[in-house]
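Bear in mind that the values here come from a model prediction, so they are computed numbers and not experimental data. Every number for a ligand or one of its atoms is a count from 1 in the order of the listing. This chain uses plain numbering: 1 for the first residue, then up along the sequence.
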Amino acid sequence: MGLFDAFRKKKLEDGLEKTRTGFFTRIVNTLTNSQIDDDLYNDLEEQLILADVGPSCAVRLVDELRDQVEAQHLKTGDQALKALREIIRLEISPRDEMDLSGKPAVILVIGVNGVGKTTTIAKLAYLYKDLGRKVMLAAGDTFRAAASEQLELWADRAGVPLVKAGEGADPAAVIFDAVQSAHARGYDMVIADTAGRLHNKKGLMDELGKISRSVKKASPEASLEVLLVLDAITGQNAISQAEEFCKAAGATGVVLTKLDGTPKGGCIIGVHEKLGLPIRFVGVGEKIDDLIFFSATDFSEALLPEVPHHEEEAQ
Ligand SMILES: Nc1nc2c(ncn2[C@@H]2O[C@H](COP(=O)(O)OP(=O)(O)OP(=O)(O)O)[C@@H](O)[C@H]2O)c(=O)[nH]1
Ligand SMILES: [Mg+2]
């Protein structure tokens with residue numbers, strides 16, 4: 001593992017501290033200290049539900065584990081733990097990668113109030129700039145007076161340019177300007193903020209439809225990803241709220257923020273199941289470098305770490 005991967009993994013482990021110590025350590029203990037029987041499965045199911053995995057998903061994961069234990073004649077808790085880790089990994093593995101092939105690659109960031117959209121945009125700018133991409137931001141949240149200024153501060157911190165307009169301007173027009181300017185100036189990416197007030201489904205659809213059309217109009221070579229930001233602290237609520245939002249908005253991926261502030265990190269598993277959308281990034285703090293590319297392998301290993309064996313340790 002390279003230094004960068006190790007750093008990312010450590011950050012994720014730290015971000016998942018509350019989730020792990022809250023619920024998953026108990027799952028690991030339950031598995032490694034008990035016999036594999038019906039009581040164990042019931043206990044596991046309960047623990048997964050408490051961790052906000054979601055009832056239907058918890059039942060399915062445990063059923064899958066039961067099948068595998070039988071089919072592979074697993075005997076020990078360690079083997080069952082390993083199997084569960086793999087089941088979770090497969091469950092949350094993204095099917096594909098984000099489409100960032102366009103010129104520019106446009107990422108539109110959507111979600112309800114206060115979930116962490118603007119902060120996530122700053123983090124994305126920082127992250128992609130660090131990877132050598134030329135990034136531009138678009139202040140598409142023209143609804144709130146302070147929104148552009150907030151994004152401007154972040155843009156300065158990340159060292160990337162920002163396209164903005166006055167309060168009440170048309171978000172699609174701001175994003176059009178940004179994409180056109182990025183295309184003309186050879187920028188690789190445009191990351192666009194949006195207002196979180198769009199509770200009305202029709203309004204949201206119309207607005208996002210208009211934005212995607214203006215992205216294409218500004219540059220026919222542009223690609224578009226729509227990232228839905230969800231706040232992990234709200235756990236299962238985030239999921240039900242997101243279902244509606246997501247249907248309306250045609251999101252292509254999810255960013256789960258504030259994982260550091262909740263024991264309910266298990267909701268990642270439920271989010272993936274309910275929305276059928278790949279998780280792309282997780283937010284693990286308020287600082288500009290507190291965003292991690294989502295990896296199903298790292299996530300499942302951080303949630304259900306291997307238990308050190310005392311005999312081996314003693315050797
Ligand atoms: N602990 C923690 N806090 C976060 C994270 N992401 C965002 N926040 C905090 O969440 C709060 C709201 O973040 P914003 O980025 O302003 O959220 P927003 O969705 O743009 O909000 P509106 O524009 O009002 O809709 C801020 O205090 C952020 O610092 C995270 O991953 N972890
Ligand atoms: Mg905002």
Side-chain angles (χ1 to χ4, degrees), residues 8 10-20 22 52 107-127 137-158 160 162-165 167-169 171 174-175 178 191-200 203-204 207-208 211 226-235 237-238 241-242 244-246 248-249 251 253-268 271 279-294 298-299 302:
R8 186 187 66 183
K10 174 76 173 61
K11 230 177 168 25
L12 180 66
E13 281 166 9
D14 291 349
L16 278 170
E17 178 77 28
K18 286 192 182 157
T19 297
R20 191 170 48 242
D52 250 10
I107 300 181
L108 188 64
V109 177
I110 64 168
V112 299
N113 279 101
V115 287
K117 294 179 296 298
T118 305
T119 318
T120 297
I121 289 167
K123 292 170 174 176
L124 285 169
Y126 179 82
L127 199 145
L137 300 186
D141 180 357
T142 55
F143 186 68
R144 217 158 37 82
S148 297
E149 281 98 81
Q150 187 196 355
L151 192 60
E152 193 157 35
L153 281 177
W154 280 117
D156 287 346
R157 248 176 266 173
V160 301
L162 168 80
V163 173
K164 60 170 185 169
E167 190 184 333
V174 179
I175 293 166
I191 310 175
D193 202 1
T194 58
R197 95 212 115 97
L198 294 158
H199 269 302
N200 163 333
L204 181 64
E207 177 120 332
L208 290 167
I211 289 175
V226 182
L227 291 184
L228 175 67
V229 180
L230 299 176
D231 175 345
I233 293 176
T234 58
N237 284 339
Q241 178 194 71
E244 278 303 298
F245 206 83
C246 171
V254 170
V255 181
L256 204 70
T257 58
K258 312 189 196 180
L259 211 55
D260 54 306
T262 176
K264 300 185 167 202
C267 73
I268 280 198
V271 161
I279 314 281
R280 297 304 190 190
F281 298 93
V282 291
V284 291
E286 295 186 273
K287 294 196 303 297
I288 203 159
D289 61 348
D290 287 332
L291 188 79
I292 313 173
F293 279 110
F294 180 70
D298 289 353
F299 185 82

Main chain of L153, side chain of D156: is a donor-acceptor contact present, judged purely on distance under 3.5 Å?
no
Taking 4.0 angstrom as the limit, do E17 and R20 come out as a salt bridge?
yes
Any non-hydrogen atom of D290 lying under 4.0 Å from ligand 1?
no
Heavy atoms, side chains only, cut-off 4.5 Å: are L227 and I110 in contact?
no
Can you tell whether the side chains of D260 and K18 come within less than 4.0 Å, N to carboxylate O?
no
Decide whether an N or O pair under 3.5 Å exists between T120 and ligand 1.
no
Proximal atoms of ligand 1 relative to N113 (non-hydrogen, under 4.0 Å):
24 (O), 25 (O)
Would K117 and D141 pass as an ion pair if we require N to O under 4.0 Å?
no
Touching ligand 1 at all, G285? Heavy atoms, strictly under 4.0 Å?
yes
Atoms of ligand 1, numbered as shown, that sit under 4.0 Å from any heavy atom of G283:
31 (O)
For D141, atoms of ligand 1 separated by under 4.0 Å from a heavy atom
23 (O)
Using distance alone, decide if ligand 1 has a nitrogen or oxygen within less than 3.5 Å of any nitrogen or oxygen in G116.
yes
A side-chain contact here means heavy atoms from C-beta on lying under 4.5 Å apart; do F281 and T120 qualify?
no
Residue-ligand contact G114/ligand 1, heavy atom below 4.0 Å:
yes
Counting backbone and side-chain atoms alike, is an N, O or S atom of T118 positioned under 2.8 Å from the Mg ion (ligand 2)?
yes
Close side-chain approach of V109 to I191, heavy-atom, < 4.5 Å
yes
Show me which atoms of ligand 1 lie under 4.0 Å from any heavy atom of E286.
1 (N), 2 (C), 3 (N), 4 (C), 9 (C), 27 (O), 28 (C), 29 (O)
Could you pull out, from R144, K117, K123, K258, the option with a heavy atom nearest to atom 24 (O) of ligand 1?
R144
At a non-hydrogen distance cut-off of under 4.0 Å, which region of V115 contacts ligand 1 (side chain, backbone, both, or neither)?
both
So, is D260 polar-close to ligand 1, with some N/O to N/O distance under 3.5 Å?
yes
Within the 4.5 Å heavy-atom criterion, are K123 and K287 side-chain neighbours or not?
no
Is ligand 1 under 4.0 Å from a heavy atom in the side chain of V284, in the backbone, in both, or in neither?
backbone
Answer whether the closest heavy-atom distance between the side chains of L228 and V255 falls below 4.5 Å.
no
If the cut-off is 4.0 Å to any non-hydrogen atom of T119, which atoms of ligand 1 fall inside it?
7 (C), 13 (O), 14 (P), 15 (O), 28 (C)
Side-chain donor-acceptor pair present, T118, D193, cut-off under 3.5 Å
yes
